[in-house]
Each structure stands twice: as C-alpha cells, then as structure tokens.
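Step one of this worksheet: look at the structure below.
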Amino acid sequence: MPPHSAASAISFSIRDYDLAATLGCGQAFRWRKRDGVWEGVIGARWVRLRQDGKYLHAETAVPTSDWSWLRDYLQLDVDIAAVLATFPDDAPMRAAVQSCRGLRLLRQPLWECLAGFISSSNKQIVQIAQINHALAERLGERVPVLPGASPAFVFPSAAHIVDAGVAPLRDCKLGYRAPYLLQSARMVAGGEVDLAAIKTMSYAVARAELMRLPGVGPKVADCVLLFGYGFPEAFPVDVWVMRALRELYFPRRKPTAQRLSRFARKHFGPHAGYAQQYLFHYMRTR
DNA sequence: TACCAGGAGAGCG
DNA sequence: CGCTCTCATGGT
C-alpha cells in the first residue's frame, strides 16, 4: 500500500455542471482555486475538487466510502434541465441562462452559511472571502489535508464564536458586523433560534424566524434560505439583482426591494432562487 | 418613507 | 493618489 493510502478519491459523471461558476459565484466564500483545482472544507471534511469535461473528480484526506455529504453539498442529483424549464420564457431570462449553462446552487451547512452572509453586508465578494477565511483560520479547528495542500480549518461553531468574544471578530475585519455575528451566535448557541428546526417551517415562517437574528434582514435571510436550507422560492434581492430587475422589467419605475421580491417569486416560478442566481451571475459577468 | 452611520478594501480614472 | 462602490441592516 502507498504511504498515503488513508486518502480517498472518486469521480462523478455529471452534465450541465460548471464547477468554477458554482463555487466562485459568491454563494460560498471559502473555496480556494489553484490551477483549476478547488480546495475547501465542507463541514469537518477537507476536499479537493477538479472538473474535467463531464467528470468531477474529488479527493479527501481521510478514508471515505460514503460520499453522500458531497453529493448533497454540490446538489449533484438536481435535474437542472427540469429547473430551467420552469423559468419564464422572456429575453432577459434566456440571456441569463445562456451566459452560464452549468451554474448550480449549493446546499451549505446552516451555521457557516448564516455567518457568512451576516458578514457579507455591504462588502464585495473578495472581502467576504477574506473575512471568512480569517474567521476559520483564527477560530476554527484544523482539519487534515493531503500532502502539499494549504492548511485548512473547520468554520467555527456558534459556541466557539461566543467563547471568542467580539475582539477576534473585529480582527477578522467584520467591522460593525462583529456584534451582529456575536449576538446571532449567542442566540443560536443558546437555542433561542433553532437552525435545524427551521428546515420544517414554511418559507414565510422560516424567513421571519431567521430575521429575528441581528444582522439578518430580508436579503441575508433569503440567501440562507436558498443556499443553506434549499427553499427554492427564496429570491435574494441584492444590488445586482435589484439593478437587473429594474433595468430589465421596470425600466420606467423604481419599485422597492420588497415589491421586487414579491414580483420575482411570482414571475420566476417555483425555482425563483435558481433564476436569481442566473440573473446575478449574468449581471456580474457581462 | 427616506436618510444615515459604520467600516475597510478593491477597483477605477 | 483620491474617489467610488460594495450580494444591507438597524436606527432615527
């Protein structure tokens, strides 16, 4: 047996999956790309991903036989053609879909997703990534990686962030978001808000429950509902999507974000969240 | 409803 | 180098 036999590898055959767009489009903040190879941590597992045409190659540093955690995170079993078929057949939507055929939504761990988007407000994606890497490096526990790979860390739990206090969060450049993250961590760690229980709630109730957390408004709540919980109707309205919707659908009016959100869930159908991600990516890359 | 604080780095000319 | 903008929220 080779010396590194503890590692595992697997290949998935996939269609209409653009790994780079999916990992790099701003729905997750802790992936690092080196020479077309992506390294990241999902839960407590370090993983290296590479796409080669219709194959997706994955490597872990520890023995792995059950890969369902990765299939779930990457949402490999989603029938994307069926999702696209539910989109409205209008010019903006066609252009958005055509600009990135294999863009997917991830299904991220709840707390990391929530914390990531609390830290995201009024920041650029590059900066959000810096903040979340800093949080993991300073407050998260180290996980085993393959030889030669960069050190990797678990995202710190809510309880761990509570123990750390506000100062390390300031050091991670959270700025005015630091007390929001700390207080939200207190509410989650103390059981005042039960993230797992939100899975079983309706979209509207789940959204209201998340918005009890400081630093969580309509936009952040929708991001967590979409990228963490997988509510397909969640439609985050950020500046890019706001711009897109106003420009493409309301050129003469200036609807509020709330009105746009309601319009979007009706107009874009049962998978409005996917439509949002295509519009977002289209607006940012054109 | 409309504005503003708070915060720091990237991107631009 | 100065300037603007940034996947918003909370408070007034």
Side-chain angles (χ1 to χ4, degrees), chain A residues 20-33 96 99-100 103-106 108 112-135 137-138 166-188 193 207-229 231 233-248 253-262 264-265 268 272-286:
Chain A
T22 300
L23 297 182
C25 71
Q27 55 179 320
F29 303 117
R30 286 212 312 131
W31 289 97
R32 289 194 202 271
K33 185 163 85 166
S99 77
C100 188
L103 181 61
R104 303 297 193 104
L105 293 180
L106 299 169
Q108 302 175 52
E112 177 168 355
C113 187
L114 172 62
F117 280 98
I118 287 175
S119 77
S120 79
S121 75
N122 208 26
K123 285 244 172 232
Q124 298 182 154
I125 292 173
V126 186
Q127 294 173 274
I128 304 166
Q130 289 170 358
I131 290 172
N132 283 276
H133 277 119
L135 281 173
E137 281 167 27
R138 287 161 188 253
V166 79
L169 305 184
R170 294 272 185 195
D171 292 341
C172 292
K173 312 291 186 187
L174 269 96
Y176 65 87
R177 304 156 197 82
Y180 293 159
L181 181 59
L182 179 58
Q183 190 54 30
S184 286
R186 286 199 180 110
M187 292 171 71
V188 169
V193 169
R207 192 170 189 256
E209 186 65 13
L210 282 177
M211 286 174 64
R212 291 177 52 216
L213 297 163
V216 181
K219 192 271 177 181
V220 169
D222 275 328
C223 284
V224 179
L225 290 169
L226 187 60
F227 306 135
Y229 289 94
F231 280 88
E233 67 268 59
F235 191 96
V237 178
D238 58 77
V239 290
W240 290 96
V241 170
M242 175 109 72
R243 237 178 258 160
L245 292 180
R246 282 181 172 169
E247 196 177 304
L248 301 171
R253 273 186 293 242
K254 277 191 58 173
T256 63
Q258 190 181 3
R259 277 201 63 78
L260 284 174
S261 185
R262 250 182 296 139
R265 283 201 299 282
F268 295 106
Y274 270 92
Q276 187 272 357
Q277 202 58 20
Y278 278 89
L279 286 172
F280 178 71
H281 190 272
Y282 174 55
M283 291 299 286
R284 279 177 38 85
T285 55
R286 70 176 181 173

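Chain letters run A, B, ... following the sequence lines, proteins first and then strands; every chain starts at 1.
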Judged by each residue's nearest nucleotide on DNA chain C, which is more toward the 5′ side, A:Tyr180 or A:Ile125?
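Comparing both residues, the 5'-ward one is A:Ile125.
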
key: First encountered from the 5' end of DNA chain C, between A:Gly215 and A:Pro236   =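 Looking at DNA chain C, the more 5' nearest nucleotide goes with A:Pro236.
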
Searching all strands shown, indicate the nucleotide that pairs with C:dC3 (Watson-Crick or G-U wobble; both distances under 3.5 Å).
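Answer to the pairing question: B:dG11, which forms a Watson-Crick or G-U pair with C:dC3.
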
Need one value for [X]: base, sugar-phosphate or nothing, where a base atom within 4.0 Å counts as base even if backbone is also close, heavy atoms only.
{"X": "A:Val237", "result": "nothing"}
{"X": "A:Leu213", "result": "sugar-phosphate"}
{"X": "A:Cys25", "result": "base"}
{"X": "A:Gly26", "result": "base"}

Interatomic distance at [atom1], [N] relative to [M], whole Å:
{"N": "B:dG7", "M": "C:dG11", "atom1": "P", "value": "15 Å"}
{"N": "B:dG9", "M": "C:dG10", "atom1": "C1'", "value": "23 Å"}
{"N": "C:dC5", "M": "B:dC3", "atom1": "P", "value": "16 Å"}
{"N": "C:dT4", "M": "B:dC4", "atom1": "P", "value": "15 Å"}
{"N": "C:dT12", "M": "B:dG6", "atom1": "C1'", "value": "15 Å"}

Q) Nucleotide range of DNA chain C contacted by chain A, 5' to 3', under 4.0 Å to a heavy atom? A)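 The footprint of chain A covers C:dC5 to C:dG10.
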
Q) Nearest 0.5 Å, what's the CG-CG distance between A:Leu135 and A:Asp171? A)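 These two atoms lie 10.5 Å from each other.
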
Practice prompt. Report yes if the distance between the aromatic ring centroids of A:Phe268 and A:Tyr274 is under 6.0 Å, otherwise no.
Written response: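 No - the distance between ring centres of A:Phe268 and A:Tyr274 does not fall below the 6.0 Å cut-off.
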
Does any N or O in the side chain of [X] come within less than 3.5 Å of the main-chain N or O of [Y], such that one atom is a donor and the other an acceptor?
{"X": "A:Tyr278", "Y": "A:Leu103", "answer": "yes"}
{"X": "A:Arg207", "Y": "A:Leu225", "answer": "no"}
{"X": "A:Ser120", "Y": "A:Phe117", "answer": "yes"}
{"X": "A:Ser184", "Y": "A:Leu181", "answer": "no"}
{"X": "A:Gln27", "Y": "A:Leu106", "answer": "yes"}

Whether each nucleotide of nucleotides 3-13 of chain B has a protein heavy atom under 4.0 Å at its base (B), only at its sugar-phosphate (S) or at neither (-) is summarised, 5' to 3', as ---BBBBS---

Practice task
Would you check if A:Leu210 and A:Val220 make a side-chain contact, meaning some heavy-atom pair closer than 4.5 Å?
Solution key: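 A:Leu210 vs A:Val220: side chains apart.
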
Practice item. Answer yes or no: does atom CZ of A:Arg259 have more than 12 heavy-atom neighbours from other residues, nucleotides or ligands under 6.0 Å? Key: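 Counting neighbours around CZ of A:Arg259, 12 or fewer heavy atoms of other residues, nucleotides or ligands fall under 6.0 Å, so no.
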
